[in-house]
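Inspection log for the structure reproduced underneath, given as C-alpha cells.
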Amino acid sequence: MASIEPLVQRLSSFSHIKQLQAHLITTGHFGFLPSRSKLIELCAISPFGNLHYATEIFCQIQTPFKNDWNAIIRGFARSNEPKIAVTYYQNMFRKAKNLDALTCSFSLQACSRFLGVFEAKQIHSHIVRFGFTADDRLVTTLLDVYAKSNDLSSARKLFGEMPRTDRASWNALIAGLAQGDQPKEALGLFKRMKTEGLRPDEITVLGAISACSQLGSLPEGETVHSYIKESNLDKNVQVCNALIDMYYKCGSVDKACDVFRSMGCRKSLVSWNSMIMGLGMHGHGSDALKLFNEMSQDGIPADAITYLSALCACNHAGLVSEGLSIFKSMESSGVKPNVKHYGSVADLLGRAGRVKEAYEIIKSMPSKPDIVLWQTLLGACKTYGEVELAEIASRELVELGSHSCGDFVLLSNTYAAHERWDDVGKVREAMKSKAVKKIPGFSFITVKGSIHKFINGDQDHPDWKDIYKKIDEISLRMNGMGYAAETSFVLHDIGEEEKENVLWYHSERLAVAYGLISGGGGDGKPIQVNKNLRICVDCHVAIKLISKIYNREIIVRDRARFHHFKDGTCSCGDYW
DNA sequence: TTAGGGTTAG
C-alpha cells in the first residue's frame, strides 16, 4: 500500500475523511496500521474532524495499536474533555503496555488542561518505569503540569534532576513560579539563567515580567524592561502587553502609557484591554473611557474583558451614568454581560447609594448571582444602612456557603448602625458557631532591591523595634493634627481575638513606617506598598495624613486598585 | 509523522 499522505494533504472536510475511510475499507487497507492511525488522527484533531466519530472508528478496532491510542488521546487532550484522554491512557496502560513517550506527552498535556496533579504523578511513575526520563521534551511537559497545578516543589525537583536543561525547561519553571506564589524565585532563576549562558527569549521575559507584576516591584520591572530593550524583544506584542500590565501593577500608569503609545508592533485587543484596566485601577476613569472609544475607531472590537475594564474604570472614578450607558450598550455590541459585568454595575449603583437599583440588577441576571455579587450588595447596604436588603444578601451568602469573616462583619455593622444590638449579638454568635475563616492581611515593600513583608502586628522584621518607634512618632504627630482612629465599629463587632490586631500595627502601616525610615523608593520617589487585601478605612485616613506630615508621596496597591496619597489626599477621592 | 515553555479581569 502506498502512503496515503498525498491524499491526506488534499482533505478539507469531514465528508472527505469519510470517503477516505470508505476507500480504506473497500480496498481492504483498513488493517494497514499507518493508514488507519492517520485516519483516526485526522478525525480526532483536524479542524474539520469529529472526535466522536474518531472514537467510533477506534471502538471498532479489536486490538488497537499504539498509534491508534495516541491519536485518540491526543484528540481528547485538546478537546473540552481532557480528562477522557487520561481515561484512555489508563486503559491503554492496562491493556496495551506498549505506550511510548508520545502517549505520555499527550496525556500530560491533558493533565495540564484540568490541573490533574494526581494523574500526572501516575504518568510520572510510568515515565520512570519505562525509562523515558532522558527525554527532555517529555520531562518539560511534566514539569509544566506540576508548575501549572501549583505543585512547585515537584516542578523544581524535576528540574533539578534533569540531565540537560534548555531554554524551554527554564521557561516552564520560571513561568510556573511566576504564576504560582513564588515570583521572587522566578526572578532569581531569570537572573541565574543569564549567568549560566542561556539567553532568555520572549517567553522567558514574559515569565519574568509577570513575576514583577505580582511583586509590584517597579525597580525589578525596570531591570527586566532594560533587558528586553537590549535584546530587541520589545517588538513582540505579547511582551509589550505584559509590560503594560506590569507597569500599572507596579504603580506607574505613566510608564504603562509610554509602552502603550510607543509600541513597535500592532496593538492587539489585549494591549487595549490592559491599558484601559490600568487607567481605571489608578482612578483615571475618563482617560480610560477615552481609550475605550479610541479603540473602536482603531477597528478593534471590544470583548467581555474590555467592557469589564471600562466598567471598573467607571466604578473607581464614580462615573455612574457613563458606566450604566456602557453596560446598556453591551447587548447591541453583541457582547453578553456575565456575572462580573453585573457585579460591576451593581457595585457602581450600590456605591452611589442606589442600593435598590443594584438589587434589581442582581435579580435581573439570567444566571445565578455568586458570592461576590451578594457581598458587593451587602457592602453597599452597610454604607447606606439598608437593613432589609442586608438581611436578604446575608441569607443568600449563607445559602451559598460563604463563611467569610467580612460578610458577618458587614451585617453586624449594618445592625449596629441602627442600634439593633440584639441582632449584632446574634451575628457574633453565628460567627463563633461556624468556623469563620479569615484571610490574613499582609503588605510588602521593596527597599533597595529586596522585598520586606509585614503581617498585621508582626515583630519578625530585623528592624521591628525601629519600625514600632517610628509608628509611635507618627501617631503622636497625627494625634497632634486631630486624628482619631475609627475603631468604634470595627473592634467592637469583629470579636475578641481581633482586638490584638490594633489598627496601629496593620501591615500596611508597618510597611509605610519602614518605607519612611529606610528611605524606601529612594530620593524623592514615592514609597510604594502592596497589600493582599483591600486597604482598611482607618489606614486610608492615616496614610493620607502621613503623606502630608512627612511630605512624601505614598502609593498603596491593594486588592482592588491603586491609591496615590499625596499632601493629605488620595487619588481615589475616598471612593473605593 | 506525531511532543516541550507564553500576554489582559477577579
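Chain identifiers are assigned alphabetically (A, B, ...) following the order of the sequence lines, protein sequences preceding nucleic acid strands; residue numbering begins at 1 within each chain.
Ring pair F130(A)/H126(A) is perpendicular by interplanar angle, where above 60° counts as perpendicular and below 30° as parallel. Using cut-offs of 30° and 60° on the angle between ring planes, the pair H282(A) and H564(A) is tilted.
In terms of polar N and O atoms assigned as donor or acceptor, the side chain of D135(A) never comes within less than 3.5 Å of the base of dG4(B) in a complementary pairing. If you check distances only, the side chain of T140(A) does reach the base of dG4(B) with a donor-acceptor pair under 3.5 Å.
Taking atom CD1 on I174(A) and atom P on dT7(B), their separation rounds to 13 Å, with Å as the unit. Atom P of nucleotide dG4(B) and atom CG of D100(A) are separated by 14 Å, given to the nearest angstrom. Distance L138(A) CG to dA3(B) P: 13 Å, rounded to the nearest Å. One interatomic measurement links the two molecules: OH of Y146(A) to C1' of dG4(B), which rounds to 16 Å at whole-angstrom precision. In this entry the distance linking CD of E41(A) with C1' of dA3(B) reads 12 Å, nearest Å. Remark: P of dA9(B) and CE of M275(A) are 13 Å apart, rounded to the nearest angstrom. The nearest whole Å value for the distance from the OH atom in Y342(A) to the C1' atom in dA9(B) is 18 Å. We find that CD1 of I40(A) is positioned 14 Å from C1' of dT2(B), with the value rounded to whole Å.
Using a 4.0 Å cut-off between charged side-chain N and carboxylate O, E196(A) and R192(A) make a salt bridge.
For dG6(B), the OP1/OP2 oxygens have no side-chain nitrogen or oxygen of Q179(A) closer than 4.0 Å. Between K148(A) and the phosphate of dG4(B), there is no side-chain N or O to OP1/OP2 separation shorter than 4.0 Å.
Across dT7(B), dT8(B), dT2(B), the shortest atom-to-atom separation from the side chain of I305(A) is found for dT8(B). With dT7(B), dG4(B), dT2(B) as the candidates, the nucleotide lying closest to the side chain of D136(A) is dG4(B). Ranking dA9(B), dT7(B), dG4(B) by closeness to the L308(A) side chain, first place goes to dA9(B). Comparing dT1(B), dG6(B), dT2(B) by their nearest atom to the side chain of L102(A) picks out dT2(B).
Note on T141(A): only backbone sugar-phosphate atoms sit closer than 4.0 angstrom, heavy atoms only; bases stay farther off. Using a 4.0 Å heavy-atom cutoff across all strands shown, R167(A) reaches at least one base atom of the nucleic acid. Base engagement by N236(A) is indicated by at least one non-hydrogen atom pair under 4.0 Å involving a base atom. Using a 4.0 Å heavy-atom cutoff across all strands shown, Q109(A) reaches sugar-phosphate atoms only and no base atom. If you check every strand for non-hydrogen atoms under 4.0 Å, K249(A) touches sugar and phosphate atoms only.
Between F292(A) and W272(A), the distance from one ring center to the other does not fall under 6.0 angstrom.
No more than 12 heavy atoms of other residues, nucleotides or ligands lie within 6.0 Å of NZ in K336(A), so this atom counts as exposed by the packing criterion.
Shown are I45(A), T103(A), N67(A); of these, the side chain to side chain contact (heavy atoms under 4.5 Å, CB included) with R74(A) is made only by I45(A).
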